[in-house]
Amino acid sequence: MTAGFELEELGHYVEDEALLQIVMQMWDSFFSTVEPPYPAFEPIGAEGPVLCASVSISGARPGLVTVTVPQATASALAAVMLQEEALPEDEVHDALGEVANIVAGNVKALVPDAGSLGLPVLSTATPRLGNGAAEVGRMDAVWRDGWLSVIVWLS
Amino acid sequence: MPLTNQAFDWVCTLVRRESAIVLEKGKEYLVESRLVPLARAAGAPDVSAYIEGVRVGLDRRKQMDIVEALTTNETSWFRDGAPFTAFSTAVLPDLKQTRGATRQLRIWSAACSTGQEAYSLAMLLKDSVVAEGWRAEILATDISNEVLEKGRSGRFSQLEMNRGLPANLLVRHFTRVGTQWQVNDDLKRMVTFQHMNLALPFRGVGQFDVVFLRNVLIYFDVSTKRDILQRVRAVLRPGGYLFLGGAETTLGVDDGWERTLIGRVSVHRPKNGG
Amino acid sequence: MRALVVDDSRAMRKIIGGALRKLGYETVEAADGAEALEVLKSGPLPDLATIDWNMPVMDGLTLVTQIRANRAYRTMTMMMVTTEAEHGQIVRALAAGAHEYLIKPFTPDALEEKLALLGLLPEVAGA
């Protein structure tokens, strides 16, 4: 099937290894004072409330980048990023949104003929991209007693 | 087991003394993660115990292993800025006068690590003498084959590209390849990477107009330093220049050099050599 | 020295602003391009503006273009600090008038080195 072949080709642009590199570079930049996450071999099941920040990519191949974490992990990540404990909810959302924005920008640079990035959108579940879009890259990792999951969709 | 304050403070003092790099409070995690491989190799129960062992052992080689483990990622483009400004504004114009007959320059980036210094020099040469039809080549050497391989590939991560490289040079000399950036071929062709242990005789390297030997002498004892500086003098063409690290000097080590100030940068030239 | 930090993310304004203040800057902030133009109109001209690309109301590239078009702002240095990481985007930003470009994510060292390149490190820094 032609479509399947093309999607496989797109997956080639956003390899899981590349996603891991992008996340680790973010770690070295904004989270370097704490232990890094370690990649998980399988997606980690969502238990309890999660927070997801997603950023869209426009262009020849519209896509979506999602960063999903348990809510407690979101608060802990924001505290590390801003070196400030007990941040209000809106600042936690903003910080996770910025994480997604940075991952999405670096992912966009891997996709040929990509257009522009959307602004981060926060939700309490990981959105899926329909209409012929497919998951082309994914990174799951364990961090402290939580986890994070980064998914790239392209159409 | 977290790092003890005492161990962290001792490491900070050691690193600052040997490399002028300041590890701030809050970098305990960095120190610990970087030293875990050394501690394991030494069979120490944890990093603090390993550091304590090195502290009381007074073994300089082991101290320098720690310094190296904590400073190897400090490579930037145009590192420290001022030496490159001195190179462009004073050294190159002088060499253009004195080397006008051959119109050739050879530069040595000794202890080149992953090649940022060598490629930075290549960018400066490209815009000056090479643009005027001169031939310029850079020999980049290091003792680690791992860093040489990376330098030779000419591929750098996004984080490495952010480190001191002017944006206009990035767009001119690099192409994006996946998550990395690739140095363009014209620049790559100017740099040759080669394995070399500075403590051993320099074989088959030829003569140089400029030698960059920055922040590497600190790893050697005084007699080896003297030996290296004497052998560098032997491969430097008359009227050539030596750049050392900001905290380094030939004074009291090898008397065959005279020091000139270019702005705030010290450059060293062989006595009676020009 | 004074810096204007333009970014729609409050977290990022805190990170960039905090790093600049540590280097000896006084900082003011704006959450989008339009707000940045208001800040410039009402206060003394900063030495430096760090400018994000993707923002609501007015994006960073438009802001750079507008600042560039105003002679009164000629002495202010503009550095894009953005996650836009393509070669072509850097070319566009420089062509629009940005003086430097820092790609997110970045370490505090990288920010400091960019300021050193621009000759915009306050004397107190690195002491």
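Quick note on labels: first sequence line is chain A, next is B, and so on, each numbered from 1. In what follows, every heavy atom counts, from backbone to side chain, and hydrogens, waters and symmetry copies are set aside. Model, not experiment: these values are computed from the prediction.
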Discussion item. Given heavy-atom pairs under 4.5 angstrom as the criterion, report whether the side chain, backbone, both or neither of C/Leu117 touches chain B.
Written reply: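 For C/Leu117, side-chain heavy atoms alone lie under 4.5 Å from chain B.
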
Discussion item. Is C/Ala85 in contact with chain B via its backbone, its side chain, both, or neither, using a 4.5 Å heavy-atom distance?
Written reply: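 For C/Ala85, the contact with chain B is made by backbone and side chain together.
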
Fill in: Any B/Leu170 side-chain heavy atom under 4.5 Å of C/Ile90 side chain
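Heavy-atom side-chain distance check passes, below 4.5 Å.
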
Discussion item. In the structure I gave you, are the side-chain heavy atoms of C/His87 and B/Val171 within less than 4.5 Å of one another anywhere?
Written reply: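 With C-beta onward as the side chain, the pair touches.
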
Practice prompt. For atom CZ of C/Arg74, decide whether the heavy atoms of other residues, nucleotides or ligands shown that lie under 6.0 angstrom number more than 12.
Written response: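 Check passes, neighbour count above 12.
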
Practice prompt. Taking atom CD of B/Glu132 as the centre, report whether more than 12 heavy atoms of other residues, nucleotides or ligands fall under 6.0 Å from it.
Written response: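 Result for CD/B/Glu132: enclosed.
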
Is there a donor-acceptor pair closer than 3.5 Å between any side-chain N or O of [X] and the backbone N or O of [Y]?
X        : Y        : value
C/Lys114 : B/Leu165 : yes
C/Glu100 : B/Ala167 : yes
B/Asn162 : C/Ile103 : yes

Worksheet entry | Pairwise distance CG(C/Leu111) to CZ(B/Arg163) - rounded to 0.5 angstrom |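 Between atom CG of C/Leu111 and atom CZ of B/Arg163 there are 11.0 Å.
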
Fill in: Engaged part of B/Trp77 at the chain C interface, taking heavy atoms whose separation is under 4.5 Å
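When you check distances to chain C, no heavy atom of B/Trp77 falls under 4.5 Å.
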
Discussion item. Does any backbone or side-chain atom of B/Phe174 lie under 4.5 Å from a heavy atom of chain C? Answer side chain, backbone, both or neither.
Written reply: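 For B/Phe174, the contact with chain C is made by the backbone alone.
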
